[in-house]
Amino acid sequence: GYLVAVGYMDPGNWATSLAGGSRFGYTLLFVALLSNLMAIVLQSLCARLAIASGRDLAQACRDAFPRPIAYMLWVFAEIAIIATDIAEVIGTAIGLNLLFGIPLEIGVLITAADVFLILYLQRLGFRWLEAFVIGLLGVIAVCFGVQIVLADPDWAAVLIGFAPTTEIVTNPEMLYLALGILGATVMPHNLYLHSGIVQTRAYGETLEERREALKFATIDSTVALMFALLVNASILILAAAAFHASGRTNVAELGEAHNLLAPLLGLALAPTLFGVALLCCGVNSTVTATLAGQIVMEGFLHLRLAPWIRRLITRAIAIVPAASVTIFFGNSGTSQLLILTQVVLSLQLSFAVFPLVLFTSDRRKMGHLTAPLWLQAV
């Protein structure tokens with residue numbers, strides 16, 4: 001559950017939530033909440049597919065569709081993973097820059113080294129990978145807890161922000177950021193990831209055992225995703241309380257946000273906490289994007305690459321645009337690229353969601369664990 005939740009709080013989320021909070025205050029909290037509720041529904045369907053059919057989403061697509069359609073879906077899944085990876089490269093590089101003063105161009109190249117960290121963790125075993133991820137999530141939660149206390153937001157306005165408003169769809173700027181928040185929250189590669197990693201558990205073969213496994217997998221991912229909502233909402237609330245309230249409505253760059261936090265919150269520790277949390281998010285998301293990449297490639301193409309080769313290919317593809325934008329446009333370019341990657345993700349989402357709903361509604365695939373009608377309707 002927490003491995004899946006990590007994808008819901010990557011550096012792309014930071015960029016969209018910071019921009020949304022500083023520009024429109026607490027209004028876009030509703031989009032974060034709605035996206036998270038849909039994520040809970042979709043991730044529960046992923047667990048259902050894996051436990052009932054013994055196949056992950058990529059394998060199910062390869063089984064069900066003609067080869068050209070399966071290849072097309074594979075290409076869209078890879079585009080989503082590359083968009084995610086670009087966000088992680090930039091986020092980690094900015095984190096390194098904020099904490100250690102490493103130039104962004106060099107930071108982007110250093111991110112290629114994360115492949116060795118993931119390889120080491122995978123050698124130790126899957127539980128070690130999970131422990132590492134949960135440890136970093138704990139650090140992120142503490143960092144944001146302290147910053148929210150320092151920012152002292154208007155809690156009445158926060159509650160109002162969770163209510164829907166028509167302005168989200170009538171204001172083009174707000175809609176663009178809302179799409180970014182949606183793409184940053186419900187990530188296509190996470191659907192492949194969840195349906196793959198559920199199968200690392202020995203959940204048994206009988207119907208009763210599978211029902212029990214489905215119940216616990218759903219509780220597991222729901223609790224983890226509510227934690228992810230807390231982190232995402234915290235970023236937006238922090239931006240609204242620290243920047244929007246003081247009239248700084250155009251803060252979208254992570255570096256700029258970091259520099260403004262100390263004078264606005266009145267504590268030198270605040271920017272450091274921000275940098276540490278950002279770096280943890282970047283490293284964490286890298287772990288899960290790598291796992292998703294392996295599941296997608298093996299499932300769609302039946303192609304098994306060594307994890308480090310797969311990782312280096314994806315990272316190399318992501319580093320080129322990230323490095324180019326960093327060199328030519330600097331900080332302002334990276335913030336725009338971060339938000340764009342999240343909008344791209346929201347546009348890729350349907351190509352994972354439609355097959356998922358189709359398969360989990362199919363009694364021939366799912367047997368007694370077919371999604372009930374009310375769940376299909378939602």
Side-chain angles (χ1 to χ4, degrees), residues 1-8 34-66 69-70 73-74 76-77 80 126-127 129-130 185-229 288 291-292 294-302 348-378:
Y2 286 95
L3 279 174
V4 169
V6 161
Y8 290 76
L34 185 65
S35 301
N36 214 75
L37 292 174
M38 272 322 295
I40 287 169
V41 171
L42 293 171
Q43 298 298 166
S44 74
L45 285 181
C46 290
R48 184 179 287 269
L49 175 68
I51 291 166
S53 69
R55 310 291 276 166
D56 62 50
L57 181 56
Q59 291 167 336
C61 287
R62 194 182 79 230
D63 294 345
F65 298 127
I69 292 176
L73 291 174
W74 169 68
F76 287 138
F126 207 76
R127 293 287 192 187
L129 200 64
E130 291 174 327
T185 307
V186 193
M187 295 179 122
H189 74 277
N190 254 3
L191 303 179
Y192 295 102
L193 174 71
H194 197 180
S195 60
I197 59 175
V198 162
Q199 295 178 59
T200 62
R201 299 293 189 260
Y203 46 75
E205 290 301 319
T206 67
L207 182 60
E208 277 314 303
E209 286 174 323
R210 286 175 186 240
R211 282 194 197 281
E212 186 185 34
L214 178 57
K215 181 179 82 173
F216 284 115
T218 305
I219 292 169
D220 174 39
S221 65
T222 302
V223 169
L225 289 174
M226 291 312 292
F227 176 77
L229 175 63
T288 56
L291 290 172
Q294 285 169 240
I295 289 163
V296 163
M297 190 170 269
E298 287 171 18
F300 275 112
L301 304 185
H302 230 4
Q348 297 302 329
L349 190 57
S350 304
F351 299 107
V353 171
F354 274 78
L356 177 65
V357 176
L358 193 70
F359 299 149
T360 50
S361 310
D362 186 344
R363 190 163 288 279
R364 290 166 303 171
K365 278 187 191 300
M366 305 291 291
H368 291 288
L369 292 178
T370 308
L373 270 174
W374 66 266
L375 186 55
Q376 295 172 35
V378 169

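If you read the sequence from its start, that first residue is 1, and numbering goes on from there.
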Please report the shortest heavy-atom distance between [X] and [Y], naming the atom on each side.
{"X": "Ala52", "Y": "Met366", "answer": "CB-CE, 3.6 Å"}
{"X": "Ala217", "Y": "Ile51", "answer": "CB-CD1, 4.1 Å"}
{"X": "Val296", "Y": "Ala77", "answer": "CG1-CB, 3.9 Å"}
{"X": "Pro355", "Y": "Ser350", "answer": "CD-O, 4.0 Å"}
{"X": "Val378", "Y": "Met38", "answer": "O-CE, 4.1 Å"}
{"X": "Glu209", "Y": "Gly204", "answer": "OE1-CA, 3.3 Å"}

State whether the side chain of [X] and the backbone N or O of [Y] hold a donor-acceptor pair below 3.5 Å, judged by distance alone.
{"X": "Gln376", "Y": "Ala371", "answer": "yes"}
{"X": "Ser53", "Y": "Ala50", "answer": "no"}
{"X": "Arg363", "Y": "Thr370", "answer": "no"}
{"X": "Asn36", "Y": "Leu225", "answer": "yes"}

Distance (rounded to the nearest 0.5 Å) between [X] [atom1] and [Y] [atom2]:
{"X": "Phe359", "Y": "Leu57", "atom1": "CZ", "atom2": "CG", "value": "6.5 Å"}
{"X": "Cys61", "Y": "Ile69", "atom1": "SG", "atom2": "CD1", "value": "10.5 Å"}
{"X": "Leu301", "Y": "Trp74", "atom1": "CG", "atom2": "CH2", "value": "5.0 Å"}
{"X": "Leu3", "Y": "Asn190", "atom1": "CG", "atom2": "CG", "value": "9.5 Å"}
{"X": "Leu193", "Y": "Ile295", "atom1": "CG", "atom2": "CD1", "value": "5.0 Å"}
{"X": "His194", "Y": "Gln199", "atom1": "NE2", "atom2": "CD", "value": "10.5 Å"}

Side chain to side chain, [X] and [Y], heavy atoms closer than 4.5 Å:
{"X": "Val6", "Y": "Tyr2", "result": "no"}
{"X": "Arg55", "Y": "Arg62", "result": "yes"}
{"X": "Leu356", "Y": "Cys46", "result": "yes"}
{"X": "Gln43", "Y": "Thr218", "result": "no"}
{"X": "Arg210", "Y": "Glu205", "result": "yes"}

Given side chain to side chain contact (heavy atoms under 4.5 Å, CB included), test Tyr192 with Phe300 step by step and report yes or no. CA-CA 11 Å; Tyr192 295 102; Phe300 275 112; 3.6 Å; yes
Verdict with supporting geometry, His368 and Arg211, side chain to side chain contact (heavy atoms under 4.5 Å, CB included): CA-CA 9 Å; His368 291 288; Arg211 282 194 197 281; 3.9 Å; yes
Please determine whether side chain to side chain contact (heavy atoms under 4.5 Å, CB included) holds for the pair Leu207 and Leu369, giving the CA-CA distance in whole Å, both sets of side-chain angles, and the decisive distance to 0.1 Å. CA-CA 8 Å; Leu207 182 60; Leu369 292 178; 4.3 Å; yes
Salt bridge flag under 4.0 Å for residues Glu212 and Lys215: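 Looking at Lys215 together with Glu212, the answer is no, because their closest N to O distance does not fall below 4.0 Å.
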Can we call the ring centroids of Phe76 and Phe354 under 6.0 Å apart?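 When the ring centroids of Phe76 and Phe354 are compared, they turn out to be at least 6.0 Å apart.
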Please step through side chain to side chain contact (heavy atoms under 4.5 Å, CB included) for the pair Glu298 and Gln59, ending with a clear verdict. CA-CA 8 Å; Glu298 287 171 18; Gln59 291 167 336; over 6 Å; no
With side-chain contact (heavy atoms from CB on, under 4.5 Å) as the test, pick out the partner of Leu49 among Thr360, Val198, Asp56, Leu191.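 Per the side-chain contact (heavy atoms from CB on, under 4.5 Å) rule, the option paired with Leu49 is Thr360, out of Thr360, Val198, Asp56, Leu191.
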